[in-house]
Protein chains: 2
Amino acid sequence: MRMSELSATTGTPVPTLKFYLREGLLPAGERTSPNQSQYDETHVARVRLVRALLDVGGLTVAQASAVVSALDDDSVPLSTTFGIAQRAVTQPAPPATSEANGAARIAELCASRDWAVYPNNPGLTMAARVIDTYSALGVDVITEAALERYAQAADLVAAADLEAVASAHDEAQMTNVVVVGTVLGDALFAGLRRIAQEAESFRRFPLPEGTPAPGDLTDHKDC
Amino acid sequence: MRMSELSATTGTPVPTLKFYLREGLLPAGERTSPNQSQYDETHVARVRLVRALLDVGGLTVAQASAVVSALDDDSVPLSTTFGIAQRAVTQPAPPATSEANGAARIAELCASRDWAVYPNNPGLTMAARVIDTYSALGVDVITEAALERYAQAADLVAAADLEAVASAHDEAQMTNVVVVGTVLGDALFAGLRRIAQEAESFRRFPLPEGTPAPGDLTDHKDC
DNA sequence: ATGTCATGGATACTAACACTATCGATAGTG
DNA sequence: CACTATCGATAGTGTTAGTATCCATGACAT
């Protein structure tokens, strides 16, 4: 198929496809003449993946580029593909200040849960930074119990994620699942968390009499 | 305190503080003369909150503005504060196409878990969109079992979140916890998930002999 | 009292990002 | 043979999150 057809199939404007080609998000098609290239189903799939990473996953073009590079590089052992995908989608954070204790708490948590990871796992810095931020804000709600529950939930999700990876047919498919799952899983969980929060909120803090209950409100008039 | 002191205390440049004032992220100080204002601890706290929302939570200025407006508006009942915070931090998604079934699966999940929420809860659209994206990518890994585990994890986290809210002293503090927790909780969980994923990955797909194990790798040379 | 410096308010500028538009030379198509 | 599409390059656009500059006024130290 030619570029116009790739554009029509994926719903992506031709100039945008050219941009993706320039940025390395989309491999060049097979050249059939100096100014003609053939694209195939793999290109369609790649465009859809890129759009998913950008729109749903919220990645930047640079991050998406790193992700698809990891996908294309089949010299990487599967056991480290998670790391590559994770590092690609996690923006580097500045090192914590000296008086912060988030890193120590996370290290402790890892020890207690038998979480063995590389010390440059981006989740370590990310989680530590969030804990430090909480305490800098004076909102001391990340108790041991709360952190423990978050960790349990993370284990649950991680188990589901790896289950999904293991269910893939071949190694290439596995890599794909890892990459897609790493990015989209965050969004999926965030969505479910919003639902569960609201449901739990209504359970704990019932609405005053006369206020429409969730089930009674069937229109979306307010936003 | 004056603006320069506010700047020094929070580590935020004066022009940025002026920008926050313009954008409504920071309330004006108490005017003591036509060109002098006094700022106090509430302003320091607000600046820190704004930086946390922007840097750690990844919100845009517009979203952060909506969040702090909700914080300042004490006419909102607590039971709906979650909704406001959630809607403020969740970017609206386009409506799903007709053949997509993500919304139906999420509705089913809500029913099975007794999750009663307003139909405009942003998590509903968000989660449905992710599921639709997975299937559009041909990565059919969100089985019923996987979704169930994600939902369990969401319940676990939501319970911890509401526990934190309930532990706050007064209503103003509760609102604060809700807002901060909604935004930072996503990041905290995402970090823990990355750790748990890598740990679980090593458990399921052990590294080949000779490759450094997580515990052996103590430097951060690669990124 | 006066020189210096900070402040508030307004306006303009910048860098990064993700496209989007245009152009010229070619090439395939009806 | 006219017409459209393509490639590759270059340049332009709109948005976002600040930065920078300017000015008139006011505070503060000497």
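Since this is a predicted model, take the numbers as computed values, not measurements. Here is the naming used below: chain letters follow the sequence lines, and residue numbers restart at 1 for every chain.
Side-chain proximity of B/T60 to the nucleotides D/dT19, D/dA17, C/dT7 is greatest for D/dA17. Closest to the side chain of A/Q36, from the set C/dG28, D/dG26, C/dT20, is C/dG28. Candidate nucleotides D/dG26, C/dA18, C/dA27 were compared by shortest atom distance to the side chain of A/V61, and C/dA18 ranks first. Listed nucleotides D/dC7, D/dG18, D/dA5 differ in distance to B/T16; the shortest reach to its side chain belongs to D/dG18.
Straight-line distance from the CD atom of A/E23 to the C1' atom of D/dG8: 14 Å, rounded to whole Å. In this structure, CZ of B/R31 is placed 13 Å from P of D/dA27, rounded to the nearest angstrom. Between the CD atom of B/Q91 and the C1' atom of D/dT16 there is a distance of 15 Å, given to the nearest Å. One atom, CG of B/L26, and another, P of D/dG18, lie 13 Å apart when rounded to the nearest Å. Rounding to whole angstrom units, CE of residue B/M3 and C1' of D/dT25 are separated by 16 Å. Following rounding to the nearest Å, A/F19 (CZ) and D/dT10 (P) show an atom-to-atom distance of 16 Å. Between the OH atom of B/Y20 and the P atom of C/dG8 there is a distance of 17 Å, rounded to whole Å. A straight line from CG of B/L53 to C1' of D/dA17 spans 15 Å, rounded to a whole angstrom.
When the nearest nucleotides of DNA chain D are assigned to A/S33 and B/R2 by heavy-atom distance, the more 5′-ward of the two goes with A/S33. Residue B/R51 is the one, among B/T32 and B/R51, whose nearest nucleotide of DNA chain D lies closer to the 5' end (criterion: closest heavy atom). Each of A/N35 and B/N35 was matched to the nucleotide of DNA chain C holding its nearest heavy atom; the match closer to the 5' end belongs to B/N35.
Across all strands shown, C/dG30 pairs with D/dC1; the Watson-Crick or G-U wobble distances both stay below 3.5 Å.
In this structure, A/D72 pairs ionically with A/R46, as a charged nitrogen and a carboxylate oxygen lie closer than 4.0 Å. No salt bridge links A/R194 with B/D161; every basic N to acidic carboxylate O contact stays at or beyond 4.0 Å.
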Hey, mind stepping through A/R129 and A/T133 against side-chain contact (heavy atoms from CB on, under 4.5 Å) and telling me if it holds? CA-CA 6 Å; A/R129 191 149 93 109; A/T133 304; 4.3 Å; yes
Report the C-alpha distance between A/R193 and A/E200 in whole Å, list the side-chain angles of each, state the deciding distance to 0.1 Å, and finish with yes or no for salt bridge (charged side-chain N to carboxylate O under 4.0 Å, His left out). CA-CA 10 Å; A/R193 175 174 175 245; A/E200 181 71 15; over 6 Å; no
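Of the side-chain N and O atoms in A/S37, none sit less than 4.0 angstrom from OP1 or OP2 of D/dT6. OP1 or OP2 of D/dC7 sits under 4.0 Å from a side-chain N or O of A/Y39.
Ring planes of A/F189 and B/Y150: tilted class, angle from 30 to 60°.
Across all strands shown, B/L54 has heavy atoms under 4.0 Å from sugar-phosphate atoms exclusively, and none from any base. A/R22 comes within 4.0 angstrom of a base, heavy atoms only. Nucleic acid contact class of B/P34 (heavy atoms, under 4.0 Å, all strands): sugar-phosphate only.
In this structure, A/Y118 has its ring center closer than 6.0 angstrom to the ring center of B/F202.
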